[in-house]
Amino acid sequence: MNIRKFLMPPPIRKIATALARWRQLRAMPLRLEFILTDYCNLNCKGCTHYSPLAAKEFTPLETVEASMQKLSEVCGGKVEKCYLIGGETLLYPRLNEAMQALRRHFPTQTLYVFTNGIALPKMDDSFWQTARQQNFILAITRYPIHFDYDAAIALCHKYGVKTEIFGDRTLADSFFRFALDPTKKQNARISHFKCYNRGCLSVIGNRLYPCSISGCVSHLNKAKGTAFEHCDGDRLDIDKITGISQIRRLRDRPVPFCAYCINPPATVKYGPSARETSEWVETETNVQA
């Protein structure tokens, strides 16, 4: 326990705690998440990539690699970890090539493939060989579904591929509803400071977003007719990035889109999506700014 902080008057202690948290967040290593698809083989209520609403579409590999190359040139040495992510990443038809491209442009970084694991028993030998040769880690998230995760992890070990459990959503308090305020009246600074997705820089095509909730919201707009808009400052055009300071600024400061985000998120029970707008959007009558 920090005795000095404990002896502070409560208002000063609160400020000191917030300042320490701010410094901690600013010191976070950079990580990049390259979204290959938002299409998924699960149907999770309130998914932060809006996967239940997403079409079966895949970002062209050439577009993905162009973004990898540019970001490597701008900030490669300052990036600690890179992720290939979905949707369900294993459904991407050119995944082996995407792994090779990411390793080519980020040769010394720790690289991951995010997955819910369901498709692992169906992957062919070339996938396992590529993952092993390119030194990828399979970041597996457990879901409360009828699937033998222990057998899937054993399969990874059999092929000599590293694994990590990225999250265990079988736990009762591990699933959240990240609701959006259609009136955009939330305090953007508070939403950003308390953000659960802070640091998850999302590469979507040739653009960089501070999180997937913002980056993937077009699926919600297209499917449900909502109007969550992006303003100047909400994202970066990757081909126009000239320095790492722009990327850090996007991560470390609130953007206009943050005013849509209601914090803290509600803890909810895991379940299948009914593809209802209310899974992602708070009704205007229930919004509290």
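Only a predicted model underlies this, so the values are computations on that prediction, with no experimental measurement involved.
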Kindly list each side-chain donor-acceptor pair under 3.5 angstrom involving residues 82-92, sequence neighbours excluded, with atom names and distances?
from, atom 1, to, atom 2, distance (Å)
Glu88, OE1, Asn116, N, 2.9
Glu88, OE1, Asn116, ND2, 3.1
Glu88, OE2, Leu90, N, 3.0
Glu88, OE2, Thr115, OG1, 2.8
Thr89, OG1, Gly86, N, 3.1
Thr89, OG1, Phe114, O, 2.6
Tyr92, OH, Thr59, O, 2.6
Tyr92, OH, Leu61, N, 3.2

### Query
In chain order, what residues pass the side chain to side chain contact (heavy atoms under 4.5 Å, CB included) check against Pro93, with sequence neighbours excluded?
Phe58

### Query
Which word best sums up how the rings of His230 and Tyr209 line up, parallel for under 30°, tilted for 30 to 60°, or perpendicular for over 60°?
tilted

#### Entry: Separation of Ser51 OG from Asn41 CG (nearest 0.5 Å)
9.5 Å

### Task
Indicate yes or no: does Arg177 engage Glu282 in a salt bridge with an N to O separation below 4.0 Å.
yes

### Query
Looking at Asn206, Ile238, Leu208, which one forms a side chain to side chain contact (heavy atoms under 4.5 Å, CB included) with Lys70?
Ile238

### Query
Can you tell me how far the CZ atom of Phe166 sits from the CG atom of Leu138, to the nearest 0.5 Å?
13.5 Å

### Message
Please check: side-chain N/O of Lys56 versus main-chain N/O of Cys40, any donor-acceptor pairing under 3.5 Å?
### Response
no

## Note on the structure
So OG1 of Thr130 and CD of Glu97: to nearest 0.5 Å the spacing works out to 9.5 Å

### Message
Assess the residue pair Lys81 and Leu111 against the criterion (side-chain contact (heavy atoms from CB on, under 4.5 Å)); give the C-alpha distance rounded to whole Å, side-chain angles, the decisive distance to 0.1 Å, and a yes or no.
### Response
CA-CA 6 Å; Lys81 299 176 181 178; Leu111 305 184; over 6 Å; no

#### Entry: Smallest separation among heavy atoms of Phe106 and Met68, with atom names
CE1-O, 3.6 Å

#### Entry: Atom of Ser273, atom of Glu279 and distance for their closest heavy-atom approach
OG-OE1, 2.8 Å

#### Entry: Parallel, tilted or perpendicular: ring planes of Phe178 versus Phe176, cut at 30 and 60 degrees
tilted

### Query
So, the side chain of His192 versus the backbone of Arg251: is there a donor-acceptor pair under 3.5 Å, distance only?
yes

### Message
Between Tyr50 and Asp38, does the side-chain contact (heavy atoms from CB on, under 4.5 Å) criterion hold? Intermediate values first, please.
### Response
CA-CA 7 Å; Tyr50 313 94; Asp38 289 313; over 6 Å; no

### Query
Which is it for Leu120 and Trp128 under the side-chain contact (heavy atoms from CB on, under 4.5 Å) test, yes or no, and what are the steps along the way?
CA-CA 10 Å; Leu120 283 173; Trp128 295 107; 3.8 Å; yes

### Task
For Glu164 and Ile137, indicate whether the former's side chain and the latter's backbone hold a donor-acceptor pair under 3.5 Å.
no

### Task
Please say whether more than 12 non-hydrogen atoms of neighbouring residues, nucleotides or ligands are located less than 6.0 Å from CZ in Arg132.
yes

### Message
Please give me the minimum heavy-atom distance between Ser191 and Gln186, naming the atom from each residue.
### Response
OG-CB, 4.0 Å

### Task
Could you verify whether a donor N or O on one side chain and an acceptor N or O on the other, from Asn96 and Ser126, lie under 3.5 Å apart?
yes

### Query
Is the closest side-chain donor-acceptor distance between Glu65 and His105 under 3.5 Å?
yes

### Step-by-step side-chain contact (heavy atoms from CB on, under 4.5 Å) determination, Arg142 to Ile153
CA-CA 11 Å; Arg142 292 177 181 264; Ile153 292 170; 3.7 Å; yes

### Task
Measure from the side-chain N and O atoms of Asp181 to the backbone N and O of Tyr260, and report whether any donor-acceptor pair falls under 3.5 Å.
no

### Query
Could you give the distance from CZ (Arg248) to NZ (Lys78), rounded to the nearest 0.5 Å?
7.0 Å

### Query
Around atom CG of Asp124, are there more than 12 heavy atoms of other residues, nucleotides or ligands at under 6.0 Å?
yes

### Message
With heavy-atom distances below 4.5 Å as the criterion, would you say the side chains of Ile145 and Ile118 are in contact?
### Response
yes

### Message
Any heavy-atom pair between the side chains of Cys216 and Ile204 that's under 4.5 Å?
### Response
yes

### Message
What's the separation between atom CG in Leu180 and atom CH2 in Trp280, rounded to the nearest 0.5 Å?
### Response
10.5 Å

